[in-house]
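Notes follow once the structure below has been shown.
The shown structure was predicted, so the numbers you read here are calculated from the model rather than taken from an experiment.
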Amino acid sequence: MEILAVRDLSFTYPTGSEPTLHHLSFSVEAGDYMVICGPTGSGKSTLLRMLKRELTPIGEQSGSVCYMGKPLSELDDMTSATQIGFVMQRPEQQIVTDKVWHELAFGLENMNLPQAAIRRRVSEMAAYFGIEKWFDMRVDELSGGQKQLLNLAAIMVMQPQLLILDEPTAQLDPIASADFLETVGRLNRETGVTVILVEHQLETVVPRCDKLMVMEKGGIRYYDNPRTVCEQLRDFPAMLEAMPAAVRLYNSFAPKDQCPLNVREGRRWVEEHFGNRVRAIPESPYTHSDKPALELKDVWFRYSREGRDILRGTDITVYEGEIFCILGGNGSGKSTTISNAAGLLKPYSGTIRVFGKKIQEYRNQSLYRDCLSLLPQDVQTVFLCNTVREELKDAGAAVEELPYDISYLLDQHPYDLSGGEQQMVALAKVLATKPRLLLLDEPTKGLDAYARRGITTILKRLQSEGMTIVAVTHDVEFAASLANRCALFFRGEVVSEDVPRTFFAENSYYTTAVNRMLRGHFDNAVTMEDAVELCRMNGGER
């Protein structure tokens, strides 16, 4: 049965010179698990908002969107609000109450259900999602993963027929992301809820979905079962780059057999086609400058006198001219560390030095003049103007001098941009200050794989010009391809650090899909470039 039908849908924002969506037509069957992907700015988030009446953006629209045979505009308020659930990219934007239990009950209270029915549904949902242990907690005490899980539970307690999710794992660490997506898949299998999911991290979801839609410039390029789509992507490198590791490795050669979709199928395909006489890529020892750019020595920090310690004797040294990536779980202290390093927070014990000088000795904002800049995790906090053009002018950034092209965004409001486009504009403002030390908090959030590769190229170019870069990230593939050294954060301190090949080859979960797929067959393959090189070195051998 058709649950959703989109017919000849087009949409243009009030300030847009070109339509964001072009004549889209597709349908979704009840119970389907559908994934939508596409390059940054291809219209994915706009399309999702068009599927939820309450979130439909202001602009010029043509065509139709029908739910269960009825146009969205003709649905009664209760049906529209409760049967079509929506989970946003940023958990904090969706939470509306102060306590976990109240958030679960909020939607049911608005449905005017009897108290007994509310208690029964809330209890059942809390048990299903494993929320009992933090049922009475304040929502501001939750980790990012817990907040997003709470959002999902608060939607599912209303028993929707259609669940829409817009990059729900963008702010989650790899383990929390995998757990969240596993929960979504389980809901689809066990409750029959129809799922429409926009994601940039496709490693987990592509092998599980029933339908895969690839968007490009506001239109639909492919819409079919995932294996069929993945076998056609060789001529679309911007999206092939985003696919699971098995798909990318398969398309790096010219095989005639079936495309593998997941780690297990990819491992089997490699073992069938390539030997392993050469098991590892030779690696030269890494050397760095002997001049520290950033030093944290025995740093302790808590947000309140009565609160727990977030940083617990943190020691980090980043040397001039290197790229240093910090990974770790949600709530482990990564963002707190980088905020302390930027002088936005002050530790109660320990020393922070920037280019050999104690951070408190930088007077009259001199720390931020041609010295240090921070790209925050919430990039919307850097936007002050009504258009991108005004934002760049405010920062003193000349469009023609930027290391990448955002000229096509100049007349748009920053809040009308996709998450990835907002990241690019915010980074342009930060780079306009010409820092020697650049601190980045989740710089690839909202970016597709092709844009992430572009950011990697830009940051390496800045490094070659003498800039030191410290990045907090959940994106293990980004860190593996960018960093000179990586560090793992756990409970407020660095527990390990090393060069990327050694660091990721020795991890089981904070590692790349390439490493998980090839572990045991090859020894130190971490990036796709590593995998392709080793396969070619072992071609034809069994």
Report task. Start with the C-alpha gap between Lys52 and Asp166, add the side-chain angles, then the distance that decides, and say whether salt bridge (Lys or Arg N to Asp or Glu O under 4.0 Å) holds. Result -> CA-CA 12 Å; Lys52 176 72 171 171; Asp166 188 8; over 6 Å; no
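- Counting only residues at least two apart or on different chains, the salt bridge (charged side-chain N to carboxylate O under 4.0 Å, His left out) pairs with a member in residues 27-46 are Asp32-Lys211.
- Using a cutoff of 4.0 Å between basic side-chain nitrogens and carboxylate oxygens, Arg516 and Glu203 are not scored as salt-bridged.
- The pair Arg501-Asp530 meets the salt-bridge criterion, with a side-chain N (NZ, NE, NH1 or NH2) lying under 4.0 Å from an Asp/Glu carboxylate O.
- Counting all heavy atoms, side chain and backbone alike, Ala513 lies closest to Ala245 at CB-CB, 3.9 Å.
- Of all heavy-atom pairs spanning Gln423 and Pro443, the tightest one is NE2-O, 2.8 Å.
- Side chains of Asn225 and Leu212 form no contact here, defined as non-hydrogen atoms less than 4.5 Å apart.
- In terms of heavy atoms, Leu24 sits closest to Ile220 at CD2-CG1, 3.7 Å.
- With 3.5 Å as the limit, one finds no donor-acceptor pair spanning the side chains of Thr527 and Glu477.
- With sequence neighbours excluded, no residue forms a salt bridge (charged side-chain N to carboxylate O under 4.0 Å, His left out) with Glu231.
- Residue pairs meeting the salt bridge (charged side-chain N to carboxylate O under 4.0 Å, His left out) criterion with at least one member in residues 402-430, sequence neighbours excluded, are Arg389-Asp411, Glu391-Lys429, Asp394-Lys429.
- Scanning both residues, Thr46 and Phe11, for their nearest heavy atoms gives CG2-CD2, 3.8 Å.
- Shown here are the side-chain hydrogen bond (donor to acceptor under 3.5 Å, both in side chains) partners of Thr457, two or more places apart in sequence or in another chain: there are none.
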Query raised in the report: salt bridge (Lys or Arg N to Asp or Glu O under 4.0 Å) between Glu241 and Arg248: does it pass, once the steps are laid out?
Result: CA-CA 7 Å; Glu241 187 87 14; Arg248 285 178 282 149; 5.6 Å; no
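- Residues satisfying the side-chain hydrogen bond (donor to acceptor under 3.5 Å, both in side chains) test with Asn251, not counting sequence neighbours, are Arg234.
- With sequence neighbours excluded, no residue forms a salt bridge (charged side-chain N to carboxylate O under 4.0 Å, His left out) with Asp8.
- Listed by chain and residue number, nothing satisfies the side-chain hydrogen bond (donor to acceptor under 3.5 Å, both in side chains) test with Thr473 (two or more places apart in sequence, or in another chain).
- The ring-ring contact (aromatic ring centres under 6.0 Å, His included) pairs that include a residue from residues 225-253 are Tyr250-Trp269, Phe253-Phe274, where partners are two or more places apart or lie in different chains.
- By the side-chain hydrogen bond (donor to acceptor under 3.5 Å, both in side chains) test, Glu18 pairs with no residue at all, sequence neighbours left out.
- Annotation: side chain to side chain contact (heavy atoms under 4.5 Å, CB included) contacts of Thr191 (sequence neighbours excluded): Met156, Leu187, Val193.
- Every residue two or more places apart in sequence or in another chain that forms a side chain to side chain contact (heavy atoms under 4.5 Å, CB included) with Gln159 is listed here: Arg121.
- Counting heavy atoms of neighbouring residues, nucleotides and ligands inside a 6.0 Å radius, atom CZ of Arg453 does not exceed 12 of them.
- Atom CD of Glu60 has 12 or fewer heavy atoms from other residues, nucleotides or ligands within 6.0 Å.
- Around the OH atom of Tyr404, the shell of radius 6.0 Å holds more than 12 heavy atoms that belong to other residues, nucleotides or ligands.
- Not counting sequence neighbours, the partners of Arg7 by the side chain to side chain contact (heavy atoms under 4.5 Å, CB included) test are Glu2, Ala5, Ser27, Ser64.
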